[in-house]
*Asks:* 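Have a look at the structure that comes next, please.
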Amino acid sequence: MSDEPCPCGTGRALSQCCGPLLTTERLAETAEELMRSRYTAHVFGNAEHLWRTWDGRTRPAVVNPGEARWTGLEITEVVDGGPDDMTGTVVFTATHEGGELAERSEFTRRGGRWFYTGGR
């Protein structure tokens, strides 16, 4: 796995940040960590990680990372979503060539795993 900087913006190497989550070497410990890994999955076009981490109760039939070229991630608020929480919220702005996406993402922990449940 690469020692290039992780696209999620932590400043850590991909191999020490989101990389192990994308390859299923480990699970996200917090909602924020899962959100960052999902952003990184969008950067790399990794639909499998997006599918696997999306709550089956809210996931669409097809998960497509799209064609956007993502250029940055800024997390502006985190509410709960820690290792002992059952829900969490992460507010972020993700920039891409031609625009940005601002979202308030909701996460749920079930069976010890964090899942993205939806955003607005």
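As the structure is a computational prediction, the values presented were derived from the model and not from experiment.
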*Asks:* Tell me, please, which residues at least two apart from T117 pass side-chain hydrogen bond (donor to acceptor under 3.5 Å, both in side chains).
*Replies:*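 With neighbours one apart ignored, the set is empty.
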
*Asks:* Hey, could you give me the CH2/OG1 distance between W114 and T87, rounded to the nearest 0.5 Å?
*Replies:*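 One finds 6.5 Å between CH2 of W114 and OG1 of T87.
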
*Asks:* For the residue pair E32 and T30, confirm or rule out a side-chain donor-acceptor distance under 3.5 Å.
*Replies:*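 No donor-acceptor contact under 3.5 Å links the two side chains.
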
*Asks:* Would you list the pairs meeting salt bridge (charged side-chain N to carboxylate O under 4.0 Å, His left out) in which at least one residue belongs to residues 6-15, sequence neighbours left out?
*Replies:*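 Listed by first then second residue: nothing to list.
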
*Asks:* Just to verify, what does Y116 make a ring-ring contact (aromatic ring centres under 6.0 Å, His included) with, not counting sequence neighbours?
*Replies:*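 ring-ring contact (aromatic ring centres under 6.0 Å, His included) list for Y116, sorted by chain: W54, F107.
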
*Asks:* How close do Y39 and P7 get, heavy atom to heavy atom, and via which atoms?
*Replies:*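 In terms of heavy atoms, the two residues are closest at CE2-O, 3.3 Å.
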
*Asks:* To check you understand the geometry: which heavy-atom pair defines the closest contact between N64 and G66, and what is its length?
*Replies:*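 Minimum heavy-atom contact is OD1-N, 2.8 Å.
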
*Asks:* Identify each donor-acceptor pair in which a side-chain atom of residues 72-85 lies under 3.5 Å from a protein atom, sequence neighbours left out, and give them as a table.
*Replies:*
unit_1: T76; atom_1: OG1; unit_2: V91; atom_2: O; d: 3.3
unit_1: D85; atom_1: OD2; unit_2: G81; atom_2: N; d: 3.0
unit_1: D85; atom_1: OD2; unit_2: G82; atom_2: N; d: 2.8

*Asks:* Is there side-chain contact between R69 and H96, with at least one heavy-atom pair below 4.5 Å?
*Replies:*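 Contact flag for R69/H96 side chains = no.
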
*Asks:* Sequence neighbours excluded and cut-off under 3.5 Å, please list the side-chain donor-acceptor pairs for residues 41-48, or say none.
*Replies:*
unit_1: H42; atom_1: ND1; unit_2: P65; atom_2: O; d: 3.4
unit_1: N46; atom_1: OD1; unit_2: E48; atom_2: N; d: 3.3
unit_1: N46; atom_1: OD1; unit_2: H49; atom_2: N; d: 2.8
unit_1: E48; atom_1: OE1; unit_2: R52; atom_2: NH1; d: 2.2
unit_1: E48; atom_1: OE2; unit_2: R52; atom_2: NH1; d: 2.7

*Asks:* Hey, could you give me the CH2/SG distance between W70 and C8, rounded to the nearest 0.5 Å?
*Replies:*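 Here the rounded value is 14.5 Å.
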
*Asks:* For G88 and A31, which heavy atoms make the closest approach, and how far apart are they?
*Replies:*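 The pair with the smallest heavy-atom distance is CA-CB, 4.4 Å.
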
*Asks:* Just jot down the salt bridge (charged side-chain N to carboxylate O under 4.0 Å, His left out) partners of R38, sequence neighbours excluded, or say none.
*Replies:*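 Scan of R38 (salt bridge (charged side-chain N to carboxylate O under 4.0 Å, His left out), adjacent residues dropped) gives none.
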
*Asks:* Could you tell me which non-hydrogen atom of S15 sits nearest to which non-hydrogen atom of D3, and how far apart they are?
*Replies:*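 Heavy atoms of S15 and D3 come nearest at OG-OD1, 2.9 Å.
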
*Asks:* Determine whether T58 and F115 make a side-chain contact, defined as any pair of heavy atoms from C-beta on separated by less than 4.5 Å.
*Replies:*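 No, their side chains stay 4.5 Å or more apart.
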
*Asks:* Measure the shortest side-chain to side-chain distance between R26 and L21 over non-hydrogen atoms and say whether it is less than 4.5 angstrom.
*Replies:*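 Yes, at least one pair of side-chain atoms sits under 4.5 Å.
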
*Asks:* As a quick check of understanding, evaluate side-chain contact (heavy atoms from CB on, under 4.5 Å) for T71 and E97, giving each step before the final call.
*Replies:* CA-CA 7 Å; T71 58; E97 291 179 357; 4.0 Å; yes

